[in-house]
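Owing to the predicted nature of the structure, the values given are computational and were not obtained by experimental measurement.
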Amino acid sequence: MVVEYEGYLIEQSEDEPEAFVYRGNKRVMHLGLTRFLDSDELIAAFAECLRISGLRREDERYDFRDYMYDGEEPC
């Protein structure tokens, strides 16, 4: 089974309870699962791993909206 989530393709093996995650034709993550999941569970498991790992979409990685430069030199 292959599902798409926020630009990632998640492919769950039919033989073993594991999944591989791809982005831009590159494997970016391996999920060692304890059982076979349905598509919603697979997306939820990957979303949690994504949150934990800090791996984010490229456009979110360099979001500096929280930072405000006040013109002073840093300490």
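- Counting only residues at least two apart or in different chains, salt bridge (Lys or Arg N to Asp or Glu O under 4.0 Å) contacts with residues 32-41 comprise Arg35-Glu41.
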Walk me through whether Tyr5 and Val21 qualify under side-chain contact (heavy atoms from CB on, under 4.5 Å). CA-CA 10 Å; Tyr5 175 73; Val21 181; over 6 Å; no
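- The nearest pair of heavy atoms linking Met1 to Leu37 is CE-O, 3.1 Å.
- Evaluation of the side-chain contact (heavy atoms from CB on, under 4.5 Å) rule for Glu18 yields Ser13, Glu16, Phe20, His30 as partners, not counting sequence neighbours.
- With rounding to the nearest 0.5 Å, the separation of CG in Leu50 from CD1 in Ile43 is 12.0 Å.
- Other residues, nucleotides and ligands contribute at most 12 non-hydrogen atoms within 6.0 Å of the CD atom of Glu14.
- The side chain to side chain donor-acceptor pair (under 3.5 Å) test applied to Glu11 returns no partner, not counting sequence neighbours.
- Considering OH of Tyr8 and CE of Met29, their distance stands at 7.5 Å, rounded to 0.5 Å.
- Phe36 pairs by the ring pair (Phe, Tyr, Trp, His ring centres under 6.0 Å) definition with nothing, not counting sequence neighbours.
- Contact annotation: the side chain of Val3 never approaches that of Phe46 to less than 4.5 Å [non-hydrogen atoms, C-beta and beyond].
- One N or O on the side chain of Glu4 and one on the backbone of Gly7 form a donor-acceptor pair closer than 3.5 Å.
- Residues Thr34 and Pro17 form no side-chain contact, since every pair of their non-hydrogen atoms from C-beta on lies 4.5 Å or further apart.
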